[in-house]
Amino acid sequence: MILVETLLGVIFSVLLGVIAGQKTQKEPEVQSVGETKTLEFMEKKFELKFKDTDKPVKIYEYFSGKDTPDNWIEMMEFQIYPMNREGNEPMDFAKRIAAAFIKNYPYMKYSLLSEEKTGSALLDFFYPESTRKEKNKEFIEFNAFKFYREPGGNRTIAVHYAKNIENTKTTRKSDDVVNDIRKTRSEIIPALAKFPNFSQ
């Protein structure tokens, strides 16, 4: 009887070990922003070309192809926020960014969504003018953010995507601009929602 109980105990321990091993294998590894030199998003590669970690909000900026911090069409960014006495939930940070946007552009619209399952918040809007300079062209700037709680931590992190879209200054038709805006937003928002959460 003792031998049977011992054998059952050994078998049970082995099974628990196998199950625990399976759970460990299925858990995705959380990448660290500080160690990430490249990102893959929408089948494009973005490379780290600027960072500022000496201020309260730490910033890491990634650019596609030959784009640079001073001259870009598309970029991605991580913003790591310090704790804030006015609220530390992802939606709190999203609302503060939206309020700052509306303060500067009171007639512009924005979209703010909450993901109940994950607790993350999605914010997107267009700046009517872009800082991008190109001869005989003007741009508007699309911005989309996903705010989320750092995996295993208390801080909120935002992953930010931005794209410059050519406006109608030259021969570009307004319908083409509108279609470009709609297409960009319809593709980016779902992709950003699925983008993996990084840690600090």
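Reckoned from all heavy atoms, side chains included, excluding hydrogens, waters and symmetry mates. Residue numbers count from 1 along this sequence.
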Check whether any side-chain heavy atom of E86 lies under 4.5 Å from a side-chain heavy atom of N84, and answer yes or no.
yes
Is it possible for you to say whether I157 and V57 belong to one hydrophobic cluster, with membership spreading through side-chain heavy-atom contacts below 4.5 Å?
yes
Under a 4.0 Å N-O cut-off, is there an ion pair linking K173 with D176?
no
Which atom pair, heavy atoms only, marks the closest approach of G34 to K37?
O-NZ, 4.5 Å
Using side chain to side chain contact (heavy atoms under 4.5 Å, CB included), reason through E47 and T38 one step at a time and then give a plain yes or no.
CA-CA 4 Å; E47 294 181 30; T38 61; 4.1 Å; yes
Can you measure from CG (N197) to CD (Q31) and round to the nearest 0.5 angstrom?
11.5 Å
Rounded at 0.5 Å granularity, tell me how far CE in M42 sits from NZ in K163.
8.5 Å
Would a distance-only check, ignoring hydrogens and angles, find a side-chain to backbone donor-acceptor pair under 3.5 Å from S64 to F46?
no
Please indicate whether K95 has more than 12 foreign heavy atoms, meaning atoms of other residues, nucleotides or ligands, lying under 6.0 Å from its NZ.
no
Do N167 and K137 get their side chains close enough for a donor-acceptor pair, meaning under 3.5 Å?
no
Between Q79 and E77, a side-chain donor and acceptor under 3.5 Å
yes
Applying salt bridge (Lys or Arg N to Asp or Glu O under 4.0 Å), name anything that partners E89, two or more places apart in sequence or on another chain.
R149
For M75, the hydrophobic cluster (side chain heavy atoms closer than 4.5 Å, chained through members) also holds F63, W72
Nearest heavy-atom pair of A94 and L123: which atoms, and what distance?
O-CD2, 3.7 Å
Would you please test F101 and Y127 for ring pair (Phe, Tyr, Trp, His ring centres under 6.0 Å) and show each step?
CA-CA 9 Å; F101 169 69; Y127 285 123; 5.8 Å; yes
Greater than 12 external heavy atoms within 6.0 Å of K58's NZ:
no
Test: salt bridge (charged side-chain N to carboxylate O under 4.0 Å, His left out). Region: residues 106-122. Which pairs qualify, not counting sequence neighbours?
none
Which pair of non-hydrogen atoms, one from P128 and one from M108, has the smallest distance, and what is that distance?
CD-CE, 4.0 Å
For residues 178-190, tabulate all N or O donor-acceptor pairs below 3.5 Å that involve a side-chain atom, not counting sequence neighbours.
residue: N179; atom: ND2; partner: D175; partner atom: O; Å: 3.1
residue: D180; atom: OD1; partner: T184; partner atom: OG1; Å: 3.4
residue: D180; atom: OD2; partner: R172; partner atom: NH2; Å: 3.1
residue: K183; atom: NZ; partner: E187; partner atom: OE2; Å: 2.9
residue: T184; atom: OG1; partner: D180; partner atom: O; Å: 2.8
residue: R185; atom: NE; partner: D124; partner atom: OD1; Å: 3.4
residue: R185; atom: NE; partner: D124; partner atom: OD2; Å: 2.7
residue: R185; atom: NH2; partner: S111; partner atom: OG; Å: 3.0
residue: R185; atom: NH2; partner: D124; partner atom: OD1; Å: 3.0
residue: S186; atom: OG; partner: R182; partner atom: O; Å: 3.2
residue: S186; atom: OG; partner: K183; partner atom: O; Å: 3.0

All salt bridge (Lys or Arg N to Asp or Glu O under 4.0 Å) counterparts of K44, not counting sequence neighbours
E74
F93 and Y81 aromatic centres sub-6.0 Å
yes
Please report the C-alpha distance between E61 and K51 in whole Å, then the side-chain angles of each, then the deciding distance to 0.1 Å, and finally whether the side chain to side chain contact (heavy atoms under 4.5 Å, CB included) criterion is met.
CA-CA 6 Å; E61 294 182 352; K51 68 178 179 178; over 6 Å; no
Check the pair T131 / K133 against side chain to side chain contact (heavy atoms under 4.5 Å, CB included), numbers first and verdict last.
CA-CA 6 Å; T131 57; K133 304 298 180 188; 5.8 Å; no
Hey, any chance F125 and F139 share a hydrophobic cluster, counting ILVMFWY side chains that come within less than 4.5 Å of each other, even indirectly?
no
If we only count heavy atoms from C-beta on, is the V33 to Q200 side-chain gap below 4.5 Å?
no
Evaluation steps, side chain to side chain contact (heavy atoms under 4.5 Å, CB included), between F147 and D92:
CA-CA 9 Å; F147 300 83; D92 296 325; over 6 Å; no
Determine whether Y161 and I73 fall in the same hydrophobic cluster, where Ile, Leu, Val, Met, Phe, Trp and Tyr are linked whenever their side-chain heavy atoms lie under 4.5 Å apart.
no
Would a single hydrophobic cluster contain both L113 and I102, if residues Ile, Leu, Val, Met, Phe, Trp and Tyr are joined by side-chain heavy-atom contacts under 4.5 Å?
yes
Contacts satisfying ring pair (Phe, Tyr, Trp, His ring centres under 6.0 Å) that involve residues 178-200 (not counting sequence neighbours) are F41-F195, F78-F198, F195-F198
For the residue pair Y62 and Y60, is the inter-centroid distance of their aromatic rings smaller than 6.0 Å?
no
To the nearest 0.5 Å, atom CZ of F145 lies from atom CG of L192 at 10.0 Å
Locate the shortest heavy-atom distance separating S120 from P90; write the atom from each residue and the value.
CA-CB, 4.3 Å
Looking at every heavy atom in both P56 and P82, which two are closest together, and how far apart are they?
O-CD, 3.3 Å
Here the gap from S199 atom OG to E35 atom CD, rounded to the nearest 0.5 Å, amounts to 8.0 Å
Which heavy atom of R132 sits nearest a heavy atom of N164, and at what distance?
CB-ND2, 3.6 Å
Spacing of CD1 belonging to I80 relative to CD belonging to E150, to within rounding of 0.5 Å
7.0 Å
With clusters defined by side-chain heavy atoms of hydrophobic residues (ILVMFWY) lying less than 4.5 Å apart, directly or transitively, does I59 cluster with L39?
yes
Evaluation steps, ring pair (Phe, Tyr, Trp, His ring centres under 6.0 Å), between Y107 and Y105
CA-CA 6 Å; Y107 301 107; Y105 301 97; over 10 Å; no
